[in-house]
Amino acid sequence: MRLLSPVTGSKLVLLFLFLGAVRSDALKLNLTDSKGTCLYAEWEMNFTITYEALKVNETVTITVPDKVTYNGSSCGDDKNGAKIMIQYGSTLSWAVNFTKEASQYFINNITLSYNTNDTKTFPGAVPKGILTVIIPVGSQLPLGVIFKCSSVLTFNLSPVVQHYWGIHLQAFVQNGTVSKHEQVCKEDKTATTVAPIIHTTVPSPTTTLTPTSIPVPTPTVGNYTISNGNATCLLATMGLQLNITEEKVPFIFNINPAITNFTGSCQPQTAQLRLNNSQIKYLDFIFAVKNEKRFYLKEVNVNMYLANGSAFHVSNNNLSFWDAPLGSSYMCNKEQVVSVSRTFQINTFNLKVQPFNVTKGEYSTGFLCVTTLAVLELPLALTSQIHLTLCWD
């Protein structure tokens with residue numbers, strides 16, 4: 001058994017007690033502002049990771065390193081989302097983000113990154129580097145209520161299986177006090193035994209993400225170029241499929257580049273690509289620079305008409321997708337999912353994008369996502385600069 005001393009601070013108090021590879025005791029977070037508690041979370045979790053070694057695949061269950069930090073965690077407000085961010089030394093980092101809309105909030109994405117350069121945790125791993133798995137959750141919870149779930153919730157997105165249980169969660173706490181009103185997860189309501197019940201709560205990579213039996217063709221790839229004066233400043237190549245679930249009715253829409261207009265703009269710290277056609281009033285992709293070294297997709301806004309003629313609009317300015325160094329492009333040939341809200345996600349195909357530092361109107365060296373770890377062998381000297389994102393097959 002490994003016992004870690006609690007990490008304290010004026011704003012955050014974290015305690016992580018991890019009992020080997022079988023179970024862990026609760027990780028507790030109490031984030032405060034001037035009114036009192038603004039975000040409260042208590043939960044247990046572990047991660048089983050399959051990685052490629054020299055000749056065979058190995059499996060490891062992550063235990064907690066000696067040093068725990070929580071850089072980047074924040075309360076959020078009406079305009080900005082809340083975040084829980086945890087770093088376990090240089091081996092592993094974990095984050096979940098929340099957004100608030102009216103009288104409810106959403107658990108958007110769970111992001112897990114692990115570093116196979118850690119030879120103690122990943123002996124014999126090839127290739128070496130930082131690998132990231134992003135799981136779109138899309139769960140909706142009411143404000144003013146604490147969410148509880150004792151059952152085991154399992155997220156199985158190869159090569160990582162994530163288990164969560166013993167959850168007590170309230171984001172955007174009102175009036176500085178954690179609520180006494182509870183909402184219990186459906187798994188607890190249907191459990192018939194004392195032992196935890198493991199449920200798969202996200203679809204497998206080969207499962208259609210919307211509840212429809214009608215085959216949907218892969219969207220046509222479009223090329224989009226934005227100029228600032230005579231110079232090209234943004235390049236994007238991608239097939240786009242919009243997945244909307246409004247009042248439990250699925251709607252899937254492939255964007256046809258041949259009948260879609262596009263505009264945009266480029267600034268030193270932000271860049272925008274806007275698409276529109278007869279059905280889409282606008283679909284905005286807004287990119288931003290962070291730490292003067294990297295870019296990422298920060299915001300998506302959509303306003304469009306559904307098949308029944310009703311209007312649909314969603315905005316989220318607290319995203320973190322397509323992260324890559326400035327001066328390079330971000331590439332992923334396989335399908336990726338951008339979860340914008342509970343009711344809206346974008347599936348991308350054959351994605352390549354460069355919103356900053358375009359030279360001679362051409363893409364720079366691609367910053368690749370990978371689906372099979374064997375396809376990449378990186379020199380050790382480069383691994384501190386490499387970030388890999390796992391796409392969905």
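Numbers here simply count residues along the sequence, with the first being 1.
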V160 and Y114: side chain to side chain contact (heavy atoms under 4.5 Å, CB included), yes or no, with the steps? CA-CA 10 Å; V160 182; Y114 55 97; 3.7 Å; yes
Could you tell me whether the side chain of T270 and the main chain of Q267 form a donor-acceptor pair under 3.5 Å? no
With the threshold set at 4.0 Å, does a side-chain nitrogen-carboxylate oxygen contact exist between D323 and K290? yes
Give the minimum heavy-atom separation between S364 and G327, together with the two atoms involved. CB-O, 3.0 Å
Is it true that the side chains of N46 and T61 contain a donor and an acceptor less than 3.5 Å apart? no
To the closest 0.5 Å, what do you measure between CE (M238) and OG1 (T220)? 14.0 Å
List the atom of Q183, the atom of V145, and the distance in Å for their closest heavy-atom pair. N-CG1, 3.4 Å
Side-chain contact test, heavy atoms from C-beta onward, threshold under 4.5 Å: evaluate it for L275 versus N261 and give yes or no. no
So CD1 of I244 and CE of M304: to nearest 0.5 Å the spacing works out to 4.5 Å
Please name the pair of heavy atoms, one in S329 and one in Q354, separated by the smallest distance, quoted to 0.1 Å. CB-OE1, 3.7 Å
Same cluster (ILVMFWY, side-chain, under 4.5 Å), F321 and L242: yes
Please work out whether the ring planes of F98 and Y105 are parallel, tilted or perpendicular, with thresholds of 30° and 60°. perpendicular
When you check the gap from the basic side-chain N to the acidic O, do K100 and D78 get nearer than 4.0 Å? yes
I need the minimum non-hydrogen distance between V184 and F147, along with the two atoms involved. C-CE1, 4.5 Å
When you check the side-chain N and O atoms of T232 and T225, is any donor under 3.5 Å from an acceptor? no
With S339 as reference, evaluate N109, N108, L319 under the side-chain contact (heavy atoms from CB on, under 4.5 Å) test and give the passing residue. N109
What pairs with N318 under side chain to side chain contact (heavy atoms under 4.5 Å, CB included), at least two apart in sequence or on another chain? K83, N97, T99, N316
Would you please indicate yes or no on a ring centroid separation below 6.0 angstrom for Y164 and F155? yes
Answer yes if the side chains of N277 and T260 hold a donor-acceptor pair under 3.5 Å, and no otherwise. yes
Between L240 and P219 the two heavy atoms that sit nearest each other are O-CB, 3.4 Å
K298 (side chain) donor-acceptor with N317 (main chain) under 3.5 angstrom: yes
Might you point out which heavy atoms bring L351 and Q336 nearest each other, and give the distance in Å? CD2-OE1, 3.6 Å
State the OG-CD distance between S113 and Q87, to the nearest 0.5 angstrom. 10.0 Å
Taking the six-membered ring of Y282, is the NZ or CZ of R274 close enough (under 6.0 Å from the centre) and on axis enough (within 45°)? yes
Test side-chain contact (heavy atoms from CB on, under 4.5 Å), reference T91, set N115, N117, D118, output is D118
Do N254 and Q241 pair up side chain to side chain, a donor and an acceptor below 3.5 Å, judged on atom types alone? yes
Are Y363 and T237 close enough that a side-chain donor and a side-chain acceptor fall under 3.5 Å? yes
